[in-house]
2 protein chains.
Amino acid sequence: MVSSKDVAKHAGVSQTTVSRVLNTPDLVKKPTLDKVMKAINELSYIPNAHARSLVQNKTNTISLLSGPLHNPFFVDTTSAIINYANERGYRVNVQYVNDHKLTEAYATAFENRVDGIILSCILIDDPIFDKLKQMDIPFITYNRKHKNNENFVEIDNFEAGYLSAKHLIELGHKTIAWVGGPLTVSTYNNRYCGFLQAMNDYKLPLSEQYIFNTDTSKQNITHAFQQITKLGSRPTAICAGADSLALNLIDDAIRENIIVPDDLSIIGIDNVDLSHHGLIQLTTVGSISEQNLGYLAISELIKMIENKKNYCVKITEPVKMFNRRTTRKIEIRQ
Amino acid sequence: MVSSKDVAKHAGVSQTTVSRVLNTPDLVKKPTLDKVMKAINELSYIPNAHARSLVQNKTNTISLLSGPLHNPFFVDTTSAIINYANERGYRVNVQYVNDHKLTEAYATAFENRVDGIILSCILIDDPIFDKLKQMDIPFITYNRKHKNNENFVEIDNFEAGYLSAKHLIELGHKTIAWVGGPLTVSTYNNRYCGFLQAMNDYKLPLSEQYIFNTDTSKQNITHAFQQITKLGSRPTAICAGADSLALNLIDDAIRENIIVPDDLSIIGIDNVDLSHHGLIQLTTVGSISEQNLGYLAISELIKMIENKKNYCVKITEPVKMFNRRTTRKIEIRQ
DNA sequence: TTGTAAAATGAATACGTAACCATTTGATGG
DNA sequence: CCATCAAATGGTTACGTATTCATTTTACAA
């Protein structure tokens, strides 16, 4: 592998000058610059980013710990994060973390000495948070937050849960099921609380058999759906804790010949790009902002990295309804 | 940042011993090992991967140059690639490359001295291919291939194009449009050739006004669709060069109140995961294998990296029809 | 006890770059 | 022609690790 020393020898200058040609070309005279550039091209020299990282203590690399891509929310955010970071000159190391391999994922992220970490996989009560703060390396969580209430970008999850329940209630639904994720995750926890609040405000009875706070794997959601269909008095609507879950449930419904929304209304939360598609048209609650949470988070993270100020980011985006085609009035059905 | 020297000093041993504790613990006596481990934990030391890369000339990092995630094909493959690579102990640098910023993307990929490169964005006639070969760094292309016909994993694109046209023809369609990507890309080129061959074999006339080989951005596909709807004698079916395009076209059709498949049959190629969804049920042609191209490519790449043999990978997966709900017989319509 | 080999540890070095400080070259004005 | 100062370049070192080679310690047989 050809190094800057080789270039220096080939051009008849010092390694220092080669370095200057690449980093501060203004400090080097035109003829020497040309000489060095010629050597660089002839040897097709490429600087070694690792060596540079070592001496500069700056890696130009960001570590992204995302949820799995079969969840369309992470499709949108991963895309936004990587594109923005690349534009700003950062490389992005990506890991798709499932909750089993959390600690392992953190370990690999840490030993790479990245400039910043952006993660969605944190739990409310995650001990990793204190470690991250100790390490004095900029980080931000998106979508989820830690109980410490620091360095996060989220939507107003409580309000989102509330609005989605309210929407179904105002359409006349009385028996509404909830299918969400684990309550150890702030996102689902707050959405669920919003849901409960709405049910309470509108004086609708709650029964445990309609409530599923489960692992969000495909199988588990499908299993929850089957439980629901087995019930004596089936709910007429389901509040899903996320668009990803809503899409899963709709798929399950179709497989059971249950027509959405005629037989069953389903509403999601997140307003993922996919939900706009003509074949989907998912009714959902999402951020009023055009920019997704990934974009907001990565732009904040890069600010933190470049300003060297460890100020604390706390962003909660307001939400609104997106009324599409997977929910309808209960009267029509009866 | 705490280094192995700090640990050594704290534990009262040499830096060499610290290194041994982490890499060849069998060579160090139990009591010293314990002493060092204690120091490592107390100082919460994390080895610096960049320094290690520098001395070992091995980065444990792979560079992925993927197409954009709004194309569901790249959702499936990116997911498979990253998960497999992580399992095998490799970090993955991801870039979503659009064709405008190709060279820029390559540059950043190269200066990172990665162990291998996996890319989908190569053109048939891409000068980068020779550069890659020169660099003596393992690489593989997936989905697309270079004219040199080396180091690729693809599906049988010609056959895929042929089968998709044949399917529509056998359903009775006479006027069939083609909407594909640029012919500078092997994938679209071969699919298009397959399409032409089928049209020829079945003696169907071809007219330029039904053929669109265009940039695959959303706007351009929508524009192609609008051109099609403006035609005096509208085609009754569209062969899309990829599922991504098919989904785009279906969305456009719905927006124009054209019913798929009653008014217009649309078939894709790739059989992406999303096409299975109950709301989508896209008729398509895809690999007969369970594993997607990303998985095949990354596993081959890691073999190349670890065997240090620069053997040449040429994999073309056979394809078959997946008959779902976006195509139907022409008779019904008339 | 002594000799000898094996086991355990340490000292020195290389990896490729940027940064710091020292030196040489060139230009300007008196 | 010289003094002065800026511009241009070079020599040396540090970054944090693994590796190579040298040294010390230990174990065991004679």
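Only a predicted model underlies this, so the values are computations on that prediction, with no experimental measurement involved. Chain letters run A, B, ... following the sequence lines, proteins first and then strands; every chain starts at 1.
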Euclidean distance, L132(A) CG relative to I140(A) CD1, rounded to 0.5 Å
12.0 Å
Inter-residue atom distance Y90(B).OH - N60(B).CG, 0.5 Å rounding
6.0 Å
Do any side-chain nitrogens or oxygens of [X] fall under 4.0 Å of OP1 or OP2 in [N]?
X      : N       : answer
Q56(A) : dA19(C) : yes
N23(A) : dA18(C) : yes
T32(B) : dT9(C)  : yes

Need to verify one output field. Residue with the more 5' nearest nucleotide on DNA chain C, S14(B) or L54(B)?
S14(B)
Nearest nucleotide by nearest heavy atom, which residue falls closer to the 5' end of DNA chain C, A49(A) or L33(B)?
L33(B)
Between [N] and [X], counting only base atoms on the nucleotide and side-chain atoms on the residue, is there a donor-acceptor pair under 3.5 Å?
X      : N       : result
T17(A) : dA8(D)  : no
Q15(B) : dA18(D) : yes
T16(B) : dA11(C) : yes

For the side chain of [X], counting heavy atoms from C-beta on, which of [options] is nearest?
X      : options                   : value
R20(A) : dT19(D), dC20(C), dG16(C) : dC20(C)
Y45(A) : dT17(C), dG16(C), dA18(D) : dT17(C)
R52(A) : dC15(C), dA18(D), dT17(C) : dT17(C)

So if I take residues 2-11 of chain B and measure heavy-atom distances to DNA chain C, which residues fall below 4.0 Å?
none
Are any non-hydrogen side-chain atoms of D126(B) and Y106(B) less than 4.5 angstrom apart?
yes
In whole angstroms, how far is the [atom2] atom of [N] from the [atom1] atom of [X]?
X      : N       : atom1 : atom2 : result
K29(B) : dA8(C)  : NZ    : P     : 7 Å
N48(B) : dT17(D) : CG    : P     : 6 Å
L22(B) : dT19(D) : CG    : P     : 12 Å
K35(B) : dA8(C)  : NZ    : P     : 14 Å

Can you confirm whether more than 12 heavy atoms, excluding those of K9(B), are under 6.0 Å from its NZ atom?
no
I would like to know whether D6(B) and H10(B) meet side chain to side chain contact (heavy atoms under 4.5 Å, CB included); could you show each step before the answer?
CA-CA 6 Å; D6(B) 301 327; H10(B) 192 259; over 6 Å; no
Given the rule in the salt bridge (Lys or Arg N to Asp or Glu O under 4.0 Å) test, do K30(A) and D34(A) qualify, once you have shown the distances and angles that lead to the verdict?
CA-CA 6 Å; K30(A) 189 79 200 311; D34(A) 292 342; 3.6 Å; yes
